[in-house]
Amino acid sequence: MRTHSRKTPLAAMICAVLYLAACGHSASSTDGVPGAASPQAANFPPAPPADTTGGFDGTRAYKHVEQLVAIGPHSAGSEGIRRAQSYIIEQLKSFGCTVDEQDFHAPSTPVGDVAMKNIVVKIPSTNPNMIMYASHYDTKRLDNFVGANDGGSSTGVLLELARLLCARKNAETIWLVFFDGEEAFNSQWADPDHTYGSKELAARLALSGDLRHLKALVLVDMVGPPNPIFKRESSSTPWLTDIIWSTAARLGYGKIFVKDTNAIEDDHTSFLQRDVPATDVIDFESPVLEYWHTSRDTLDKIDPRTLAITGHVLIASLPELEKKIQ
Ligand SMILES: [Zn+2]
């Protein structure tokens with residue numbers, strides 16, 4: 001969960017209304033009903049062929065989401081998240097990726113000390129300048145919440161991106177990061193109860209001195225719904241957002257990656273706060289907000305075409321990003 005962090009009173013009111021609308025549903029009658037969160041595929045058309053989306057296979061990404069949903073709820077510290085970790089790591093290794101499992105503890109969450117794990121794929125290059133793509137893979141701690149869109153969709157996209165990028169030589173060092181503990185343990189999002197994984201990694205990189213090599217972070221989150229709207233996140237780094245959004249426009253996705261803005265706190269915030277250029281690709285609009293953080297965030301909300309579009313934009317924007325940071 002994340003809040004709009006707009007500063008004006010009017011916007012704050014809108015934010016509160018959005019928040020209440022979204023959370024009101026979490027207490028709806030479908031919650032707690034056995035089977036309410038059962039995985040269910042929708043009747044969306046298949047993803048476009050990978051040779052039309054820069055090699056990114058939306059069908060493969062969708063299958064990852066399906067597998068993650070089948071695991072069931074996997075909030076930070078739960079039994080389920082260990083199965084999600086095993087799945088992600090096993091897939092990454094099958095792609096030939098080098099995987100660094102970064103275990104850590106969040107010592108003072110609202111539920112006490114929680115063991116967490118960031119999963120970091122490091123794709124080396126002779127150029128130390130680094131680009132990072134990231135997603136969170138934990139799901140919100142709610143009954144019957146499987147997070148097909150919130151947690152699953154972006155993890156599926158990142159896994160498919162790993163299959164492509166680990167198999168080739170890249171002009172810069174690339175890291176693909178699967179963050180644990182993005183979600184707040186409490187029902188409401190309030191500092192410091194959220195983004196445990198990204199705060200941990202940013203702190204580690206600052207401590208080791210490697211943070212100075214990190215030139216761009218592209219975060220994806222909630223990238224699975226049909227007819228998505230990705231607004232420019234206003235706290236993000238403008239030049240980096242420009243590269244992603246202009247690539248999308250060039251590929252014909254200008255009605256999806258729109259010029260409107262919103263303000264969202266997410267894992268990219270942990271890096272922005274340390275002056276790392278970062279941006280967030282996220283659909284945080286209606287109708288997503290009607291099922292966000294409810295047991296209705298199920299597989300039937302995931303459109304393989306949206307996963308493919310997201311992946312296509314990420315892979316197609318890489319050359320310009322590489323040129324920019326050299
Ligand atoms: Zn969430």
Side-chain angles (χ1 to χ4, degrees), residues 1-5 15-16 18-28 30-31 36-37 65 68-69 71-78 80-81 84 88 106 109-111 114 116 118 134-158 177-200 219-225 228-231 233 235 262-270 280-299 301-302 306-307 310:
M1 201 263 282
R2 50 199 59 73
T3 62
H4 289 221
S5 56
C15 161
L18 278 175
Y19 172 78
L20 289 170
C23 286
H25 286 284
S26 69
S28 73
T30 55
D31 272 39
V65 183
L68 290 160
V69 166
I71 286 168
H74 44 282
S75 59
S78 68
I81 204 159
I88 292 166
T109 78
V111 300
V114 178
M116 297 189 188
N118 288 333
S135 156
H136 77 92
Y137 70 94
D138 62 305
T139 56
K140 176 89 174 157
R141 203 170 64 117
L142 296 167
D143 288 345
N144 292 322
F145 181 75
V146 296
N149 187 39
D150 189 359
S153 61
S154 53
T155 302
V157 165
L158 207 60
V177 182
F178 301 80
F179 289 124
D180 199 345
E182 185 267 350
E183 299 287 5
F185 286 87
N186 286 333
S187 60
Q188 298 200 12
W189 176 279
D191 293 342
D193 174 31
H194 52 70
T195 57
Y196 294 94
S198 54
K199 281 186 275 203
E200 171 71 17
L219 182 70
V220 283
D221 195 3
M222 298 168 66
V223 291
I229 295 291
F230 297 126
K231 292 185 176 174
E233 198 285 306
S235 70
N262 56 11
I264 291 173
E265 287 180 17
D266 205 343
D267 281 317
H268 67 314
T269 310
S270 307
D280 191 10
V281 177
I282 180 168
D283 179 350
F284 199 65
E285 305 300 318
S286 178
V288 171
L289 293 177
E290 288 158 22
Y291 62 81
W292 171 64
H293 285 182
T294 78
S295 59
R296 287 176 290 113
D297 184 353
T298 42
L299 195 61
K301 308 301 188 300
I302 304 301
T306 307
L307 304 176
T310 305

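Count residues from 1 along the sequence. Read the numbers this way: they start at 1 and go in the same order the structure lists the ligands and their atoms. Side-chain atoms are counted along with the backbone in the values below, which use heavy atoms only and exclude waters and symmetry mates.
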inquiry  = For Glu183, is there an ion pair with Arg141 - N to carboxylate O distance below 4.0 angstrom?
reply    =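 No.
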Give a yes/no answer: is there an N/O/S atom of [X] under 2.8 Å from the Zn ion (ligand 1)?
X      : result
His136 : no
Glu182 : no
Asp150 : yes

Counterpart residues, side chain to side chain donor-acceptor pair (under 3.5 Å), relative to Asn149 (two or more places apart) =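 With neighbours one apart ignored, the set is Ser153.
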key: Counterpart residues, side chain to side chain donor-acceptor pair (under 3.5 Å), relative to Asn118 (two or more places apart)   =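 Result, side chain to side chain donor-acceptor pair (under 3.5 Å) vs Asn118: none returned.
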message = If we count only N and O atoms by modelled type, under 3.5 Å, do the side chains of His136 and Asp138 hold a donor and an acceptor together?
response =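 On atom types as modelled, these side chains qualify, holding a pair under 3.5 Å.
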key: N/O/S atom name from Glu183 that is nearest to the position of the Zn ion (ligand 1)   =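 Atom name returned: OE2.
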